[in-house]
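Residue numbers count from 1 along this sequence.
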Amino acid sequence: RTILGEVHEDVLGGNSLSESLAKYNRVFGETYIASVAAGEASGRLPDVLGQLAGLLRSEMKLHNSLRTMLAYPVMLTAVSGLVLLALLLFVLPQFQTIFSDFNAPLPAITCVMLAVSSELRFRYWLWGPLLAAGIAGLVLGWRSPAGRHIADRLALQLVVLRDVTRALFIGRTCRLLGLMIESGVPLLDSLRLARSSVNNSLYRDLFNRLEDDVLNGRGLANALLESEFIPGAASEMVVTAEKTGTLGTVTQLIGEHFQEEGEARLKELVAMLEPAITVAMGCVVAVIVMSVMLP
């Protein structure tokens with residue numbers, strides 16, 4: 001509210017809306033400000049603001065849907081993990097005394113589970129710090145450039161995830177690119193802004209190549225057609241749109257199509273994830289129960 005009040009004062013003072021917004025770049029972002037500036041220059045500011053609102057609304061809807069869909073699997077995994085830990089630390093040790101009275105050899109599975117339980121209970125001072133160090137190492141590796149590159153590549157290449165991530169990435173970038181081109185932002189600036197709006201390093205490299213190709217007069221065709229993570233249909237449509245001068249309209253249509261497809265595939269993935277987690281946890285519980293019942 002404070003920032004909007006200051007923007008209002010700047011506009012009353014004679015500045016354009018884009019100039020007033022540019023003072024708060026960290027809040028509005030380069031893409032938003034550039035689109036507003038292009039809308040002012042072309043006299044289509046109301047249309048541009050409406051398209052920006054629609055884009056932001058769809059992103060908020062996607063994030064909310066993602067949180068809602070993942071809430072149950074995350075809770076299921078967390079609760080199941082606590083139950084398994086309780087079985088290992090508190091239930092199995094109660095049976096160890098009973099088993100020792102049998103004075104008979106125990107099944108291998110029972111010996112293994114009892115050893116794991118004893119190790120966790122009596123050497124927690126070792127495994128606790130090791131677990132914390134492992135988590136810290138993963139976090140630091142994730143934040144490093146090499147780790148981010150590996151994670152980004154896995155997100156786009158892993159069989160389980162690639163259909164979802166590729167569709168969502170191409171949907172978002174194409175919608176954003178089409179919006180800026182339709183608003184009157186030059187193609188090179190649109191590519192640069194689209195690159196800055198995406199976090200995946202592979203997509204950033206692709207936009208770097210696209211920008212270089214456009215600067216050297218080669219157009220968008222080569223980089224898109226040779227990319228391994230851009231759907232062939234999307235590449236062909238962008239190439240055709242570039243030749244016919246309808247790049248802005250076509251990229252927006254491509255973006256809407258692939259964003260809807262990505263959301264549908266995400267729902268399918270989460271729907272399969274819930275029973276998969278249940279089955280996996282059931283198998284682990286079954287192993288613990290067998291280690292108790294077999295003797």
Side-chain angles (χ1 to χ4, degrees), residues 63-166 168 199-202 265-295:
H63 292 159
N64 292 334
S65 299
L66 186 60
R67 282 196 295 266
T68 301
M69 288 186 289
L70 291 180
Y72 179 73
V74 169
M75 287 297 297
L76 177 62
T77 303
V79 172
S80 300
L82 290 175
V83 170
L84 294 176
L85 195 62
L87 287 174
L88 285 172
L89 296 180
F90 303 110
V91 177
L92 269 179
Q94 302 300 321
F95 286 91
Q96 190 168 8
T97 306
I98 301 173
F99 294 155
S100 63
D101 295 336
F102 288 168
N103 197 25
L106 296 175
I109 188 173
T110 304
C111 295
V112 170
M113 295 308 298
L114 289 176
V116 171
S117 176
S118 298
E119 187 73 14
L120 291 176
R121 285 186 298 119
F122 296 116
R123 299 185 68 180
Y124 61 88
W125 51 267
L126 172 64
W127 296 108
L130 281 179
L131 177 62
I135 294 174
L138 287 175
V139 172
L140 292 175
W142 176 275
R143 291 180 177 178
S144 67
R148 285 297 308 170
H149 186 77
I150 293 173
D152 292 340
R153 180 167 290 278
L154 287 176
L156 293 174
Q157 302 287 7
L158 204 62
V159 175
V160 180
L161 292 176
R162 65 186 182 188
D163 289 341
V164 176
T165 53
R166 289 182 181 184
L168 289 177
N199 293 324
N200 190 284
S201 59
L202 274 71
R265 290 185 180 273
L266 180 62
K267 291 178 182 178
E268 293 174 3
L269 178 62
V270 174
M272 291 187 293
L273 189 63
E274 295 174 5
I277 294 173
T278 304
V279 170
M281 292 300 177
C283 291
V284 177
V285 171
V287 170
I288 297 177
V289 172
M290 287 172 61
S291 67
V292 173
M293 300 304 296
L294 284 177

Less than 4.5 Å apart, any side-chain heavy atom of [X] and any of [Y]?
| X | Y | result |
| --- | --- | --- |
| Met113 | Leu88 | yes |
| Leu87 | Leu92 | no |
| Val91 | Ile288 | no |
| Pro107 | Pro295 | yes |

With side chain to side chain contact (heavy atoms under 4.5 Å, CB included) as the test, would you mind laying out the steps for Leu161 and Leu269 before giving the verdict? CA-CA 8 Å; Leu161 292 176; Leu269 178 62; 3.8 Å; yes
Walk me through it: do Ser201 and Arg148 pass the test side chain to side chain contact (heavy atoms under 4.5 Å, CB included)? CA-CA 7 Å; Ser201 59; Arg148 285 297 308 170; 5.6 Å; no
Going from [atom1] on [X] to [atom2] on [Y], what distance comes out if it is rounded to the nearest 0.5 angstrom?
| X | Y | atom1 | atom2 | answer |
| --- | --- | --- | --- | --- |
| Ser144 | Leu140 | OG | CG | 8.0 Å |
| Met281 | Thr77 | CE | OG1 | 5.0 Å |
| Ser80 | Leu85 | OG | CG | 12.5 Å |
| Asn200 | His149 | CG | NE2 | 9.0 Å |
| Gln157 | Ile150 | CD | CD1 | 13.5 Å |
| Leu70 | Leu266 | CG | CG | 7.0 Å |

Tell me every residue that passes salt bridge (Lys or Arg N to Asp or Glu O under 4.0 Å) with Arg153, counting only those two or more places apart in sequence or in another chain. Glu228
Test of understanding: with side chain to side chain contact (heavy atoms under 4.5 Å, CB included), list the residues that count as partners of Tyr72, not counting sequence neighbours. Leu76, Glu274
Step by step, would you call Thr110 with Met290 a side chain to side chain contact (heavy atoms under 4.5 Å, CB included)? CA-CA 8 Å; Thr110 304; Met290 287 172 61; over 6 Å; no
Donor-acceptor list for residues 125-139 side chains, cut-off 3.5 Å, not counting sequence neighbours:
unit_1, atom_1, unit_2, atom_2, d
Trp125, NE1, Phe122, O, 3.3
Trp127, NE1, Glu119, OE2, 3.0

